[in-house]
Amino acid sequence: MLNRAMDLKGKLQGYRRDFHKFPEVGFQEYRTSARVSDTLTSLGWRVRQNVGKTGVIGEFGSGLPIVAIRADMDALPLQEDNQTGYASQNRGVMHACGHDAHTAILLGVAELIKNEENFPGTVRLLFQPAEEVADVEGFSGAQRMIQDGAMEEGVGMAIALHVSSHVPVGQIQVGWGPSSGGVDTFRAIILGRGGHGARPHETVDPIYLSAHVILALHGIVSRKLNPFDPAVVSIGSIHAGIAENVIPNSVEILGTLRYTLPKVQEQIHKEIKKAFEVAKSLGGNYELKFEIGTPPMINDERAAKLIKQTAVDLIGNENVSLPPDGLGAEDFGCFTQLAPGAMFSLGCRIEGDEREHHNSRFDVNDECLPYGAAILAETALRYLRHGGF
Ligand SMILES: [Zn+2]
Ligand SMILES: [Zn+2]
């Protein structure tokens, strides 16, 4: 399988660089999904378009079991600083997370699978829009695709990969249990009463109130939560005032919270509310709203071990390791709520010039593409031929 994937390297690089050159942000992947649909159709896959707005589903084979393999297709609102021949042609939009590689790899999977002699069951490819963002109603691409039936008819296993610019090419990382953080957003306004900067005693200064609230918010993880439960509360945006001598009426605070356990999510919500109550005891008031985001991604042990064994057989035991812990968000967790599944990290490091994800100089080492395609395709086929786990 790996040899056959290596034969596709040039083709996959072509796909990847084409997607990279013409990036599109979440729910606007019109060109990308048209290319995906055309390629799948030409390879003999059954294609469903406009799934979850701009998503595409391809199917091959028939009946049960069904394996779903997912790739996200969206880029980020970021101006690319690289000077390569395939640098972004769309101003202010860039594939800075590697989703161009994910999309190319999944097209490689389509090619590898269609060349298989018959196998039982169905392979379903999920080309997902908008992993990085949610729409105005708060749903990301995974949630929109699920609403449009992406996981129907009994998906037995869902798998995916994410490239990692910190891991060398030819290596993967896979583990089981919580593998990314659940993420919610909070939006708050601290309400005071503005007035003259020289007469603070006649105002209720919301900036003074917010200082106390911020301390209380930063105390949640360190003073309120069990240190063995991973969690983060971060404030990412504060806005108030326009002049140095005017005390404003209000302060706007936006933040994010991360967790892996539902009970911790509940506790953080309660504690954030309590932190804002401090504004009341100091004479002000507040409005607080939570936006529930994506759940934590939990890697199923059976799915993760199947990926691991497949990778060990294809690339060797020494090239498979456990991932570092982290609370980054990944909406693939929406799929693994509905079927046992797992995501692994695929090394895409550019040796001697390591790039950061979500940075304007991000890029992928294209040598990684065949490894990703081979491991995904082989894992899916092993599952189907075995009739499940
Ligand atoms: Zn990202
Ligand atoms: Zn990503």
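Every number for a ligand or one of its atoms is a count from 1 in the order of the listing.
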*Is the F19 to H95 ring centre distance short of 6.0 Å?*
no
*Is the Zn ion (ligand 2) less than 2.8 Å from at least one N/O/S atom of H357?*
no
*Applying the 4.5 Å side-chain criterion to the ILVMFWY set and letting contacts propagate, would L64 and F389 be lumped into a single cluster?*
no
*Is there an N/O/S atom in E131 at a distance below 2.8 Å from the Zn ion (ligand 1)?*
no
_Cation-pi check for Y86 against K21: NZ or CZ below 6.0 Å from the six-membered ring centre and within 45 degrees of the axis, yes or no?_
no
*Look at the N, O or S atoms of C97, main chain and side chain alike, and state whether any lies under 2.8 Å from the Zn ion (ligand 1).*
yes
*Could you check H358 against F362 for ring pair (Phe, Tyr, Trp, His ring centres under 6.0 Å), going step by step and ending with a plain yes or no?*
CA-CA 7 Å; H358 289 217; F362 181 80; 8.4 Å; no
_Shortest-distance N/O/S atom, E132 versus the Zn ion (ligand 1)_ = OE2
*Partner of L76 by side chain to side chain contact (heavy atoms under 4.5 Å, CB included), out of H99, H357, M94, E132*: E132
_Degrees at the Zn ion (ligand 2) between the NE2 atom of H162 and the NE2 atom of H99, nearest 10°_ = 110°
